[in-house]
2 protein chains.
Amino acid sequence: MDLSRTKITIKQLSQEIGIGVDTLRVWERRYGFPLPHRDRRGHRSYTTKHLEELRVVKKLQIFGQRPSAIFSLSPTERHVLLEELLNTQRPENKSLEHLVFGMSPQQIVVELAEQKKRLGLAEFVKQTVVPLLQLIDHGWSSGRLSIAREHLISDQLTALLKAELSAAACPVRPQVLFLTLPGERHKLGLLLAAVQFQQAGVQSLLLNEELPLSEIPGLVAELAVEGVALSFSSHYPSRQAKHDLRSLRKSLNPAITIIAGGQAVQQLPTMPKLLVCSDLQQIPKLVKRYFKKNAMGIC
Amino acid sequence: MDLSRTKITIKQLSQEIGIGVDTLRVWERRYGFPLPHRDRRGHRSYTTKHLEELRVVKKLQIFGQRPSAIFSLSPTERHVLLEELLNTQRPENKSLEHLVFGMSPQQIVVELAEQKKRLGLAEFVKQTVVPLLQLIDHGWSSGRLSIAREHLISDQLTALLKAELSAAACPVRPQVLFLTLPGERHKLGLLLAAVQFQQAGVQSLLLNEELPLSEIPGLVAELAVEGVALSFSSHYPSRQAKHDLRSLRKSLNPAITIIAGGQAVQQLPTMPKLLVCSDLQQIPKLVKRYFKKNAMGIC
DNA sequence: ATATGGATTTGTCTAGGACAAAAATAACAA
DNA sequence: TTGTTATTTTTGTCCTAGACAAATCCATAT
């Protein structure tokens, strides 16, 4: 009944925290952490302790801290710093805390559905979904919330929002295709954006899989959509996002609008017909400006 | 409008085909393939051609061919061999071919929903879903079906089956938790199994995310389920599957049944309370034997 | 036919070096 | 003061070439 003595390889560790194998090795070389045991072959062998400490490191990194700063701190100091950073942007909603930490899966789904019904979709997203995602992030990083519960909740949330998306099945113009590139695991942000676009009068087609860049032009042509929306979470290397977008712009029909969202696309070089959408609040405006001028939804 | 001259790094290539970076390098060293260009730094730079040829290689590998055999063939010979292997197990259903290759996404969803309604869930799975998955695999490997279309269809299918799963919301005993481990990207097999179990009278809780091994015991206790089902596709290294299951068995409450499914779990050492389910057809029997003896669904 | 034991194949790991892109810092101008 | 540009440091990813256990194949013996 105890996994704390389970040894894992560098590859498994890499997969579980989302940090490359090479990076883990070079961190060890440069900063002396994480410093694993070795098996008789000389292969690195990590423990659950390393995993937990690296989750803190990862989270600090997402908050903008650089490795040199992170590793000059002791594990305890790192934890303290993380708590501080979290406190600067803690969401208020108390009822959500109850939902996140206390409820059973069945209760969660009922509660969410009820809130959606009561608030209406737009308000539900604003008042419940967005704070909920923040809270999940917080709970996850400070260790109060298990990864299992995090996944449980985001899974239920995904189901709920997806149902919303497919409900409006009448083919409206314009249509936008929503997808992620290989390596991008966070699909909730994309889903949220798709729902918002749909609310604003665009027909959102969500492809909930990671699609190679080279497949996009063909699919766009086949589906005859007006735009493609890509989501790049904070885990996605921003330089690669940049490169991907440039590459896509070159290979795609110039008439197609590209929409890029997520934390990884803050500063991007301007490109023809590229909309950068770093905030979900902007979406209604964006749609009005770029999509609704020459196209009407006739239903 | 042309991506064939797009250069990609070894990491990107690795992600797109699901073969490790180290493996790609050692294949080049040993067999001389794939042999990429180099940029001025000496870094490997692959093209779309490499990608396509490697997809054939990967597919041959899944068919049980070993690298030494695969790489002793020319690209053309490889393609021919793949076609031969595919022809040995081609599904019959002509109406499905039409669905897979011809229809628009909207048509697909309508068609699938209709078939499900007409056949009933059990028959729908048997007559439509399973052959459909086979056909998708075939089309994908022989290059007639784009990856985009493959994803499109499996996405729609997922939505349909998931709706089915959450429809029966009344809490029935026994409950089984369905999930995948980190690194396992193929979630359709798991979903299919969950649906079958649900049909057989088990309450299936599907967690559509990759959950670290160490999180499972806690979640199982929290949800108070009777069993955990894991799916290991042909992409998952079978030795790791073996290790994972052993590790899980040790850390989990001995009263909990573990169910392992997928192509990667053919020969497994016997373990207490471990059910190996290599064929979806067995599921009703399995449920009757191991779950239904002392538990009734009272609704 | 079935088990056993050795030979071969295969994927993943190792070390330590290299370098471009990104970020921080310094230098300078308005 | 603020803003721009050049210089330095940091950081992630790639490189080579070698090692080895686990998996698989193959030949021999029961």
Side-chain angles (χ1 to χ4, degrees), chain A residues 7-15 17-31 33 35-46 54 57-58 60-72 183 234-244 246 264-269, chain B residues 7-15 17-31 33 35-46 57-58 60-62 64-72 183 235-243 246 264-269:
Chain A
K7 296 289 199 297
I8 60 174
T9 69
I10 193 169
K11 200 190 187 188
Q12 293 176 295
L13 181 67
S14 165
Q15 272 180 334
I17 51 173
I19 293 173
V21 169
D22 280 309
T23 305
L24 289 171
R25 275 200 282 256
V26 90
W27 280 0
E28 183 185 339
R29 202 195 307 165
R30 287 183 186 147
Y31 314 112
F33 185 89
L35 197 59
H37 295 104
R38 301 296 184 121
D39 64 10
R40 73 181 71 91
R41 282 191 273 171
H43 286 192
R44 291 167 175 82
S45 176
Y46 299 87
L54 279 171
V57 170
K58 172 91 190 193
L60 285 171
Q61 220 182 359
I62 291 176
F63 266 104
Q65 301 293 313
R66 307 188 70 192
S68 64
I70 296 172
F71 291 114
S72 68
S234 53
H235 300 261
Y236 203 86
S238 59
R239 67 193 114 154
Q240 199 186 319
K242 215 182 282 184
H243 179 264
D244 290 339
R246 238 194 298 265
V265 288
Q266 299 296 3
Q267 300 150 315
L268 274 178
Chain B
K7 295 291 199 298
I8 61 174
T9 69
I10 194 169
K11 200 190 187 188
Q12 293 177 293
L13 181 68
S14 165
Q15 272 180 333
I17 52 174
I19 293 173
V21 169
D22 282 308
T23 305
L24 289 170
R25 276 199 280 255
V26 92
W27 279 1
E28 183 185 337
R29 204 195 304 168
R30 287 182 187 148
Y31 315 111
F33 185 89
L35 197 59
H37 294 103
R38 302 293 184 122
D39 64 11
R40 74 179 75 90
R41 282 190 273 172
H43 286 192
R44 290 168 176 81
S45 175
Y46 298 88
V57 170
K58 173 91 191 192
L60 285 171
Q61 221 182 356
I62 290 176
Q65 302 293 313
R66 305 189 71 193
S68 64
I70 296 172
F71 290 115
S72 69
H235 299 262
Y236 203 87
S238 60
R239 67 192 113 149
Q240 200 186 318
K242 215 181 283 183
H243 180 265
R246 238 195 297 267
V265 288
Q266 300 295 3
Q267 299 152 316
L268 274 179

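Within every chain, numbering begins at 1; the chains are lettered A, B, ... in the order of the sequence lines, protein sequences first and strands thereafter. As a basis for the values below, the full set of heavy atoms in this structure was taken, side chains included, without hydrogen atoms, waters or symmetry mates.
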Participant: Once you round it to whole Å, what is the distance between P of C/dT12 and CD of A/Q15?
Facilitator: 10 Å
Participant: I'd like to check the side-chain contact (heavy atoms from CB on, under 4.5 Å) partners of A/Q15; sequence neighbours left out, ordered by chain and number.
Facilitator: none
Participant: Could I get the full list of side chain to side chain donor-acceptor pair (under 3.5 Å) partners for A/Q61, not counting sequence neighbours?
Facilitator: none
Participant: Base, sugar-phosphate, or nothing: which does B/F71 touch, judged by heavy atoms less than 4.0 Å apart?
Facilitator: nothing
Participant: Taking 4.0 Å as the cut-off, does a side-chain nitrogen or oxygen of A/Q61 come that near to OP1 or OP2 on D/dG12?
Facilitator: yes
Participant: Mapping B/P67 and A/Q240 to their closest nucleotides on DNA chain C, which lands nearer the 5' end?
Facilitator: B/P67
Participant: Send over the distance from A/F33 CZ to D/dT11 P, rounded to a whole Å.
Facilitator: 16 Å
Participant: Just jot down the side-chain contact (heavy atoms from CB on, under 4.5 Å) partners of B/D22, sequence neighbours excluded, or say none.
Facilitator: B/R25
Participant: Expressed in angstrom and rounded to an integer, what is the separation of B/H243 atom NE2 from D/dA21 atom P?
Facilitator: 17 Å
Participant: For nucleotides 13-20 of chain C, read 5' to 3', which letter fits each nucleotide if B means a protein heavy atom sits under 4.0 Å from the base, S means only the sugar-phosphate is that close, and - means neither?
Facilitator: BBSBB-SS
Participant: Check whether more than 12 heavy atoms from other residues, nucleotides or ligands sit under 6.0 Å from atom NE2 of A/H43, and answer yes or no.
Facilitator: yes
Participant: How long is the line joining CG of B/D39 and C1' of C/dA21, in whole Å?
Facilitator: 13 Å
Participant: Just to confirm, is there a sub-4.0 Å distance from OP1 or OP2 of D/dT11 to any side-chain nitrogen or oxygen of A/S68?
Facilitator: yes
Participant: Return the value, rounded to whole Å, for the distance between atom OH of B/Y236 and atom P of C/dT12.
Facilitator: 12 Å
Participant: According to side-chain contact (heavy atoms from CB on, under 4.5 Å), who are the partners of B/H243, at least two apart in sequence or on a separate chain?
Facilitator: none
Participant: Roughly, in whole Å, what's the span from CD1 in A/I19 to P in D/dT11?
Facilitator: 13 Å
Participant: Rounded to whole Å, how long is the line connecting atom CG of A/L60 with atom P of D/dT11?
Facilitator: 13 Å
Participant: Can you say whether the rings of B/F33 and B/F71 are parallel (under 30°), tilted (30 to 60°) or perpendicular (over 60°)?
Facilitator: tilted
Participant: The side chain of B/R66 lies closest to which of these nucleotides: C/dA24, D/dG12, D/dT24?
Facilitator: D/dT24
Participant: For a quick test of reading the model: is some side-chain N or O of B/Y31 closer than 4.0 Å to OP1 or OP2 of C/dT10?
Facilitator: yes
Participant: Taking only residues two or more places apart in sequence, or in another chain, which ones meet B/R38 in a salt bridge (Lys or Arg N to Asp or Glu O under 4.0 Å)?
Facilitator: B/E28
Participant: Just the rounded figure in Å: distance from C1' of C/dA22 to CD of A/Q65.
Facilitator: 17 Å
Participant: Determine: side-chain N/O of A/W27 to OP1/OP2 of D/dG12, distance under 4.0 Å, yes or no.
Facilitator: yes
